[in-house]
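Presented below is the structure to which this report refers.
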2 protein chains.
Amino acid sequence: MQRSVSTFRLKAACSNCNLRELCLPVDLSIDEMQQMDDLSRLKRGYARGDYLYRSGDKFQSLFAIHSGSFKTQALHEDGREQVTGFQMYGEIIGLDAICTDHHTCEAVALENSEVCELPFNKLEALSRKLPSLQRHLHKIMSREIVRDQGIMLLLGSMRAEERLAVFLLNLSQRFAARGLSQTQFQLRMSRQEIGSYLGLKLETVSRAFSNFQESDLISVKARAVELLDLPGLHSLVGKQL
Amino acid sequence: MQRSVSTFRLKAACSNCNLRELCLPVDLSIDEMQQMDDLSRLKRGYARGDYLYRSGDKFQSLFAIHSGSFKTQALHEDGREQVTGFQMYGEIIGLDAICTDHHTCEAVALENSEVCELPFNKLEALSRKLPSLQRHLHKIMSREIVRDQGIMLLLGSMRAEERLAVFLLNLSQRFAARGLSQTQFQLRMSRQEIGSYLGLKLETVSRAFSNFQESDLISVKARAVELLDLPGLHSLVGKQL
DNA sequence: TAATCAGTTTGATATATGTCAAAATTCATG
DNA sequence: CATGAATTTTGACATATATCAAACTGATTA
């Protein structure tokens with residue numbers, strides 16, 4: 001199995017810098033792996049609340065999250081902030097800035113986290129040589145588009161409880177995709193931040209949590225969440241109108 | 001001026017197939033232009049209501065809209081439809097499908113329209129040879145991400161009138177970018193479709209239009225819109241809370 | 001021109017979420 | 001472990017939008 005061998009080696013080659021999201025599905029030769037690995041040797045740590053980048057910063061790199069999690073938020077002229085997304089380990093952050101050469105939102109660590117910097121010029125140069133990497137990069141960007149549009153659907157037509165259900169199920173999937181429990185996890189963000197993301201006030205988010213618990217759909221204690229009835233949560237979504 | 005000459009030639013080379021969005025900012029040699037032009041010689045027409053692609057169709061190509069306009073909409077399991085975007089001439093449609101190899105939403109012509117098909121494999125191959133094309137493709141995808149996130153902001157925290165103001169100003173910008181009047185234009189979509197896109201009911205959209213007219217911000221007669229007070233519309237956005 | 005039909009506007013009422021306030025819980029720090 | 005700060009929960013009330021219904025407008029067809 002050519003593929004599994006090279007995948008295995010690739011993991012090793014990239015081990016100093018978690019490029020899961022970028023590497024795993026890509027079939028590369030040993031030499032190519034070396035180039036891939038050279039792409040980013042830097043790994044930097046950020047404490048809770050630290051900025052990975054700020055709005056207006058020049059865009060130069062994408063960042064692969066090695067551990068921890070971040071939120072991205074946009075700043076309105078009047079000072080309001082609104083969360084545009086949550087990124088967890090294994091995911092790529094910074095895709096929004098390619099089109100403008102400057103970051104249009106800011107990224108803040110939700111907990112102590114480590115990221116690997118991926119200079120975008122190098123990434124483009126390498127992906128010109130490696131079609132499979134090129135396609136994968138395109139897929140990552142496309143997935144971001146799809147995910148955003150999914151959120152739009154959610155925000156556009158759903159009521160508070162449906163939104164929260166979608167949010168929880170989405171988190172659950174992402175945890176599962178990374179080998180963690182999909183029914184029990186720790187939220188890294190506040191009710192306020194969830195609300196900002198879902199277009200709700202924190203009180204509404206809190207009430208929705210309480211209602212879910214009341215209906216035995218989940219169990220919540222502050223930020224510790226357990227999904228007790230996945231089918232139930234699923235059926236909540238899209239039974240409306 | 002090397003650039004303007006080549007840009008001029010490029011326009012000519014691509015004239016049989018409007019690749020504005022894809023070509024204009026790219027600096028190419030004559031030979032490269034030829035390759036670019038060969039990318040897509042097909043130009044197909046669609047009547048109002050025709051499907052460009054349907055949800056589930058295999059992804060093979062992007063489409064450059066040569067004339068007319070489309071809407072993309074997602075289908076919920078229960079049969080509901082929700083508009084996820086409007087695309088006008090000069091724009092690229094189909095970016096969402098790259099990550100799944102299958103279309104996740106459907107694209108419908110809002111009026112009689114023409115599109116050029118851009119086989120994605122060919123586009124990737126060419127962009128491996130032409131760094132400026134590669135970067136531009138990345139920018140287009142990134143812009144889509146930014147635009148979607150912009151809509152999320154809008155849907156998340158804004159009230160009906162603010163949403164409609166953002167929508168109108170966004171349309172205005174896109175018309176202006178294509179050399180059309182930015183204050184007077186014909187809407188190609190119904191109140192229903194606008195509402196679906198903005199997460200509002202058609203009655204709410206209609207009321208917002210009426211209120212804007214009442215305040216002398218715009219003049220509306222059915223689908224003919226004139227923006228009378230651009231600064232006023234701008235100030236409506238983000239003066240909240 | 002008249003008739004029909006889809007789309008739009010307007011009105012009255014219901015409901016979900018926002019707002020404001022206070023209590024309860026969790027978290028951080030000494 | 002105790003204290004104070006931050007976050008979360010809960011309650012009462014206000015308000016924006018949805019819902020239902022009807023009238024109106026403009027476009028299409030006979």
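The analysis underlying the following values was restricted to heavy atoms, covering all of them including side chains, and did not include hydrogens, waters or symmetry mates. So you know, we letter chains A, B, ... as the sequences are listed, proteins then strands, and number each from 1.
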Rounded off to whole Å, could you give me the CZ-to-P distance for the B:R188 and D:dA27 pair?
-> 13 Å
Scan A:G195 against the nucleic acid and name what it touches under 4.0 Å (heavy atoms): base, sugar-phosphate only, or nothing.
-> nothing
Is any N or O donor-acceptor pair between the side chain of B:R191 and the base of C:dT10 shorter than 3.5 Å?
-> no
Could you give the CD1-to-C1' distance, from B:I218 to C:dT9, as a whole number of Å?
-> 13 Å
OP1 or OP2 of D:dG26 sitting under 4.0 Å from any side-chain N/O of B:K221?
-> no
How close or far is atom C1' of D:dA16 from atom CD of B:E162, stated in whole angstroms?
-> 12 Å
Just how far, in rounded Å, is P of C:dA24 from CZ of A:F209?
-> 22 Å
When rounded to whole Å, the CD to C1' distance for the pair B:E203 and D:dC20 reads 9 Å
Looking for any heavy atom pair under 4.0 Å, which part of the strands does A:R223 touch: base, sugar-phosphate only, or nothing?
-> sugar-phosphate
Can you tell me if the side-chain N/O atoms of B:T204 get under 4.0 Å from OP1 or OP2 in D:dA18?
-> yes
Checking A:R48, A:R188, A:R223 against A:E111 for salt bridge (Lys or Arg N to Asp or Glu O under 4.0 Å), the one that qualifies is A:R188
Would you say a side-chain N or O of A:S206 is under 4.0 Å from OP1 or OP2 of D:dT7?
-> no
Heavy-atom nearest nucleotide on DNA chain C taken for B:M189 and for A:Q186; more 5' hit belongs to B:M189
Provide, to the nearest angstrom, the distance between the CZ atom belonging to A:F212 and the P atom belonging to D:dT9.
-> 13 Å
Contacts of B:Q192 and A:A160 projected onto DNA chain C by closest heavy atom; the upstream (5') one is B:Q192
Could you tell me the separation between the CD atom of B:E214 and the P atom of C:dT9, rounded to a whole number of Å?
-> 13 Å
Given C:dA6, is OP1 or OP2 found less than 4.0 Å from the side-chain N or O atoms of B:S190?
-> no
Looking across every strand, which nucleic acid part, if any, lies under 4.0 Å from A:L202 by heavy atom: base, sugar-phosphate, or nothing?
-> base
Do B:F167 and B:N170 have side chains that get closer than 4.5 Å, going by heavy atoms?
-> no
Aromatic contact, B:Y197 with B:F86 (centres under 6.0 Å) | yes
Go through C:dG18, D:dT19, D:dT17 for me and flag the one nearest to the A:K201 side chain.
-> C:dG18
Taking all heavy atoms of A:D96 and all of B:S142, pick out the closest pair and write down the distance.
-> O-OG, 3.1 Å
In B:V115, B:L110, B:V108, B:D50, the residue satisfying side-chain contact (heavy atoms from CB on, under 4.5 Å) with B:F70 is B:V115
Within the modelled atom types, does a donor on one side and an acceptor on the other bring the side chain of A:R207 and the base of D:dG11 under 3.5 Å apart?
-> yes
CE of A:M158 versus C1' of C:dT17: gap in Å, rounded?
-> 17 Å
